[in-house]
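These notes are about the structure you will find just below.
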Amino acid sequence: MTDQAGTTDSNGSLRLLIIGPPGAGKGTQAARLSATYGIAAISTGDIFRENVKNGTPLGVKAKEYMDAGQYVPDSLTNDLVRDRLAQPDVADGFLLDGYPRTLQQVEELDGILGVAGTALDAVIVLTADTDEVVRRLLGRAAEQGRSDDSEEVIRKRLDVYAEQTAPLVEVYTERGLVVEVDGLGEIDEVTGRIIAALAAR
Ligand code: AMP
């Protein structure tokens with residue numbers, strides 16, 4: 001079985017990651033790709049925000065890191081993803097948005113997929129320049145009132161991304177999985193670029 005973009009394997013499954021700096025449009029694109037390919041989009045940021053909103057013990061712990069622009073510790077994040085990837089709706093595919101973000105999370109994900117006898121099909125790397133993402137994030141802060149979107153916290157999040165997450169691109173490039181896509185431009189245009197790049201693999 002193949003989807004409309006001819007991307008899925010012979011079992012119709014598709015396992016993707018989307019990586020990029022804050023403000024590159026990962027969440028927006030993840031929602032569209034999820035609809036296009038009929039796979040669940042899993043955003044660790046959304047799951048943390050939901051827990052913060054509901055005041056769960058995980059939310060209380062996560063909030064202090066999120067508000068400081070730092071990553072939530074790997075142990076908490078890995079547990080959450082392990083549980084989520086054990087749900088039946090992701091047996092045939094998923095798109096992880098915002099995970100893994102550290103080398104330790106890459107190892108953890110390798111372990112989870114290894115035990116399940118599955119593997120990633122591709123890693124979408126969404127690029128965007130710093131001035132543009134700061135501009136977008138400040139706009140979003142004004143619209144949504146996210147507490148991790150003050151200019152100081154935005155700069156911190158970009159530094160943390162460069163330090164801790166950018167190195168993951170190299171790891172996945174060595175594995176031959178990376179599809180790099182320019183995240184600048186109209187939303188539809190960027191979605192089209194991603195679908196075309198995945199189909200060309
Ligand atoms: P996002 O919406 O993906 O930008 O995530 C918002 C915030 O949630 C991040 O700045 C982190 O504090 C936290 N977070 C989300 N995903 C992860 C992750 N994989 N590892 C650690 N922290 C995360």
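Start at 1 and go down the list; that is how both ligands and their atoms are numbered. Computed from a prediction, not measured in an experiment: that's the story for all the values here.
In Tyr71, the parts holding a heavy atom less than 4.0 Å from any atom of ligand 1 are both the side chain and the backbone. Looking at Thr77 against ligand 1, only its side chain comes within 4.0 Å, counting heavy atoms.
Judged by distance alone, the side chains of Thr102 and Asp74 do bring a donor and an acceptor atom under 3.5 Å apart. Residues Ser43 and Tyr99 have side chains that never bring a donor and an acceptor to within less than 3.5 angstrom of each other.
Ion pairing of Asp159 with Lys156 is absent here, as no side-chain N (NZ or NE/NH1/NH2) approaches a carboxylate O to less than 4.0 Å. Salt bridge absent: Arg135 and Asp129 never bring a charged side-chain N and a carboxylate O closer than 4.0 Å. Between Asp121 and Arg201 there is no salt bridge, since no side-chain nitrogen of the basic residue lies less than 4.0 Å from a carboxylate oxygen of the acidic one.
Scanning the protein heavy atoms around atom 11 (C) of ligand 1, the nearest turns out to be Gln70 O, 3.6 Å. Nearest non-hydrogen protein atom to atom 23 (C) of ligand 1 is Phe48 CE1, 3.8 Å. Counting only heavy atoms of the protein, atom 6 (C) of ligand 1 lies nearest to Arg49 NH1, 3.5 Å.
Close contacts of ligand 1 with Arg157, meaning ligand atoms under 4.0 Å from a residue heavy atom, involve 4 (O), 10 (O). Atoms of ligand 1 found under 4.0 Å from any heavy atom of Val72 (numbered from 1 in listed order, with element): 13 (C), 21 (C), 22 (N). Below 4.0 Å from some heavy atom of Gly98 lie the following atoms of ligand 1, by number and element: 16 (N), 17 (C), 18 (C), 19 (N). Atoms of ligand 1 lying under 4.0 Å from at least one heavy atom of Gln105, given by number and element, are 18 (C), 19 (N), 20 (N), 21 (C). When each atom of ligand 1 is checked for a heavy atom of Thr44 under 4.0 Å away, the hits are 15 (C), 16 (N), 17 (C), 19 (N).
Counting heavy atoms only, Arg101 comes closest to atom 1 (P) of ligand 1 of the residues Met66, Lys26, Arg101.
Counting heavy atoms from C-beta on, the side chains of Ile18 and Leu95 come closer than 4.5 Å.
Taking Val90 as the reference, Ala40, Ile42, Arg84, Leu85, Phe94 meet the side-chain contact (heavy atoms from CB on, under 4.5 Å) condition, with sequence neighbours excluded.
In this structure, Ala62 and Val72 approach most closely via the heavy-atom pair CB-CG2, 4.0 Å.
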